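Please read these numbers as outputs of a predicted model, since none were measured by experiment. Note on naming: letters A, B, ... go to the chains in the order of the sequence lines (proteins, then strands), and numbering restarts at 1 for each one.
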Amino acid sequence: MVASAHGARRAGRGLLLTRSATLALCAVALGVVALASLRIGSIGITTADAVDALVRYAPESYEQTVVRTLRLPRTLIGLGVGAALAVAGAALQGMTRNPLADPSILGVNSGAAFGVVTAVYLGELTHPLQFVWFAFAGGLIAAMLVYGIASAGPGGATPVKLALAGVVVSSLLSSWLTALLLLDQQTLDVVRFWLAGSLAGRDLSVFLVALPFLLLGLAGMLLLSHQINILSLGEETARSLGMHTGRVRALVTLLVVLLAGASVAVAGPIGFVGLAVPHIVRVVTGPDYRWVLAYCLVVGPLLLLSADIAGRVVARPSEVQVGIVTAMVGAPFLIALARRRRVAEL
Amino acid sequence: MARLLADTVTLAYGRDRVVVDGLSLEIPDKAVTAIIGPNGCGKSTLLRALARLLAPQRGCVVLDGEAIHRLPTREVARRLSLLPQQASAPEAITVEDLVRRGRYPHQSFFQPPSRRDQVAVERALELAGMTELRDVPVDELSGGQRQRAWIAMTLAQETPLLLLDEPTTYLDIAHQQEVLALIRWLNREEGRTVVLVVHDVNHAAQVSDCVVAMRGGQVVAQGPPDRVLSPELLERVFEVPCEVVVPSASGSPVCMPRGRALPPGNSAPAGRAALRAERLSSGYSRRPVLRDVTVSLPAGRVTAIVGPNACGKSTLLRTLARLLKPEAGIVFLDERPVWESSHREFARRLALLAQGATVPEGLLVEELVAIGRYPYQRWYRQWSERDQQAVERAMVATGVIDLRWRAVETLSGGQRQRAWLAMALAQETPVLLLDEPTTFLDIAHQVEVLDLVWELSRSEGRTVVVVLHDLNQACRYADELVVMKDGRVVAAGPPAEVVDQELVRDVFGVDSTVIPDPATGRPLVLPGRALEFELASERLGEAEPRGRAWRGA
Amino acid sequence: MVRALVSSQTERRPRLRVVRVGGVAFRVDASVLAMTGLALAALLALSAWALTLGSYRLPLAAVIAALSGSGSDEAQFIVLDLRLPRILAAVLIGPMLAMSGAIFQGLVRNPLVSPDVIGVNAGAAFVAVFWITTRHSPAALPLVAFAGAVVAASIVYLLSWRGHIAGPRLILVGIGVNAALSAATSFMVVRAEINDASRAVLWMTGSVYASTWNDVRTLALALAVLGPVGIALMWSLRVIQAGDLVARSVGMPLERVRLSLILVGCGLSAVAVSVAGPIGFVALMVPHLARMLAGPMCGSVFAFTGVLGALLLLGADMVGQHALPVGLPVGVVTAAVGAPYFLYLLYRVNARL
């Protein structure tokens, strides 16, 4: 027995090593992509200029100004939003045991969008910094509505009820949103770029407002990863292992709202990252959410930034919104995944 | 006072479906308590209440002198663990990962898994015999292996109280015996209190110090097995006459329910083959299961297929029913290759009751049974007088006629199984293939189903092929026995000629005594108890490499 | 996870009647039939009321006169050429969407699924927006939208095919194809002139505003062919829901039946979308409503689903047209009207999910 246990432990350590190494590799790739994100665009910038802009900023250099005012915010936002969306999606998938769950299923995306559009329509806002709080409030209210409706009645907020309520609230809000847009072409003109989801043209100040929420959400989620592991065994088992499932569910939901609401506020509704990244990540990590979340933290921004860079390159001199590119890049991934894997019952 | 007791608890689902009414029960400490009773008597519900998963409407469950619902959940989970009946694991989770999650109640929020956790996980894997399968995803395991993976998770919780809901379901004799031995060992050597719900009375007799017999949400009797397991009491609990054999060799009583039909000691000679497979090889993508199987299943007779878990019984059945295309070999139905007939035509001649089918929500029993009429219907003629009659007959035969307007998902396991059986019967085919039709059933219903099978073959001349995991039932009811191991047929013929001690040891890996059944003269297999302590000592001897590992196919 | 809405009572006792005409025989639940009849009557009343409403108010008598051909020329024109096509379009599109939703939800055993999953809406929208933003003639729009829907659905089907169609794979592939198509669509919207973008958004909302008799004829033909086929196939769908294994062991040519169900579901929604644009919500929610009211899906409940769909869509169009200060397309109103009711049901009914 001793020998076999040894062997198994060695195998376990090997697995740990592979996973850590792959994670490190992803992190390096993320670094490279982040640098590329500083360099590539309508004007090319050398690595030296990009680094100088960060460490020895010379305002008189045009290149460095571009990096400082345009590329850097964009890259930072990509990092934050990518991580937030991927982590929120993975946590939600684990909690609801539904592989189709992503933040939009809680109504966060459509709630935030609705909040912004209403604000633009009524308050005639024009600046994204003003959007943030409305996006945030809208997302939060929508999620609370979804959760409240789903947890009414016996059995509490079961995964299916949650998803169903989420889909309905989403469709309700997006129909109202469309109505507003149809009524007022001016509003459509203000928000249509924001609605497409983009990292470009966002103010760093917007990101800084959202940053505390992002950090809080990411840290909380990573701390809760073991809890999510247990939840993914199912309600009954989790309870017999001594978990307050209701409390943990509520906490995870709150963190998802924080993450998704903040990222929608900053970059507009970017779909697909929250849905696809966890699936892609799970191929490497298996179902252990401590690994899944850690990987999502790196792979999410990796995908988002790569998509953003691709969007700058393909349609020069103008560019394609990142929300569009993520979908175009991620979709074939998801399809290949669905075809390759032995898909279990949903 | 006992550590765990139920004080006049009333348990109900929803507002009006009372399952357990004013029940009081004291679980003796450091003993193995087995709860037995017919399907739907509330035994699993009681167990869930004991594990704090279900709040009683009245009364309370007391753990260590405190109402269990006032204790923190984590505290409860450190003292008491539950093996649920049908748990579903997340996709692609490995056995070790699953077992590790059983340590949850012992881990605090910020603390990384400790050395103690690691030791507990290793030990749990070892005890449940899953060490070698630790890196295999749970969803790739066979039913028996999966059950043991969940048992290992429960063991990793390291609680003094263990509640097990049907731990022996899905297992073959060898694994059943090992699980029972493990339960014994946990109790004797580690002093754990074990409560298990079992539907096989013989398992209760073998393993328990105290048997609780339930009926209709009430405790009918509680006491040591030799007192509770008397023919009179069993008949009162299960409403089926039972014989209790006390073999001198092993000491624990063996109960055999006696059905209406009592097949004669000598099985009738087999005539022509209704279903015949020649040099069949079959399996799932990249995983061959059957290898070169040639069997002949006689018409108008009951043939039982037996063998350990994952030996290819179900695969054989599916290949015979042409749900699986063989890689090599031919299956003949009435001397015609099965792949030659049309879907519909084939379904009128052969019906299969598959295992573990999902139930669509809200489907009524009658509607489920009516599905069996599909091969006789057309899109423009969806119902006929004959359909109605066949459905009625099938429901009467399986005793679900009173449940016809109930939704299938609200039925107990046994009732559900009978509803599925009724569906296969409604298909009115001369050949009937049944994949473990007695799983989930209590002994009365098992006997009822097997009686029915026997009568169908005798009075209507139907050919029945049935996969059974209970060797004794197979011996009692089958005219022919097909014994399989590792995807091959090792023996076939009348039970009396096939079954002996050597076969049981070779095929199932269990020492046993085979005696003639006092009622029929057919063989009766009494699994040996000698195995248990040998096993326990083997587990304890850490220095030696494991002699025998559980290895699934 | 697929345990959709089941009413709280454990015992539902259908009053089953066998309807037999020659060799044709169906078994139906009389109470569902009664409910369907009631809903039909309501639909008729609502349609009649809708004919009287508008900026030019007509009393019911004038409407009836116009319908029978004896009204004034003006009333004749308003009723027959303006109002009737629009009402009929709503009454025909509602059932088509709802029925196709019921088919797909049953087929993949997931209550969150609607025809969108197989790419019908996204395909139609992609092609239509391309058509609009490149300023092609609007007359051919329905035709190209239909082509887009069918092509997208075929792509999803073929990509999901691996020896057989598995529900979960279909959903995942569908989501992928949908995402790619909608991304491309929104790319075109962002790139377009603001006027074209506005028209594209309007089309993507879905409306029955400009329906013509031609549209009505197309819709009626499609519904008349595909609706009954769908009802007939419901029997098989119920068997499929009991599991692939069961379906095959009772002798069902599973892939063939599955393909015909997909064809019917896809055909119904593709025609509806090509005429009216992707009207959301109906396909997703009406089957749930019907099941909550009438029990699990079967032929008669399927028909009931259709009538409910017609009621919802007509009601929504009336609200959008008359109840609000500005006319709104029906696609906006279906969700705005239907969703709260659905949420209320979810909240009230002891849904065991």
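Contact of Met252(C) with chain B is made through backbone and side chain together, with heavy-atom distances under 4.5 Å. Contact annotation for Ala370(B): both backbone and side-chain heavy atoms come within less than 4.5 Å of a heavy atom of chain C.
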Self-check item: Criterion side chain to side chain contact (heavy atoms under 4.5 Å, CB included) on Met423(B) and Val250(C), from CA distance to verdict
Solution: CA-CA 10 Å; Met423(B) 189 202 95; Val250(C) 296; 4.0 Å; yes

Exercise. Decide side chain to side chain contact (heavy atoms under 4.5 Å, CB included) for Gln241(C) and Leu363(B); before the verdict, give the C-alpha distance in whole Å, the side-chain angles of both, and the deciding distance to 0.1 Å.
Key: CA-CA 10 Å; Gln241(C) 285 192 306; Leu363(B) 191 78; over 6 Å; no

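Across all non-hydrogen atoms, the minimal contact from Val246(C) to Trp420(B) is CG2-CZ3, 3.5 Å. Closest non-hydrogen pair, Gly251(C) versus Tyr374(B), comes out as O-CE2, 4.3 Å.
Taking Arg348(B), Arg322(B), Gln377(B), Arg373(B) one by one and counting their heavy-atom pairs under 4.5 Å with chain C, the maximum is reached by Gln377(B).
The backbone N or O of Ser249(C) sits less than 3.5 Å from a side-chain atom of Gln427(B), completing a donor-acceptor pair. A distance-only check finds a donor-acceptor pair linking the side chain of Arg248(C) to the backbone of Leu323(B) [under 3.5 Å].
If you take CG on Leu254(C) and NE2 on His343(B), they are separated by 9.0 Å, rounding to the nearest 0.5 Å.
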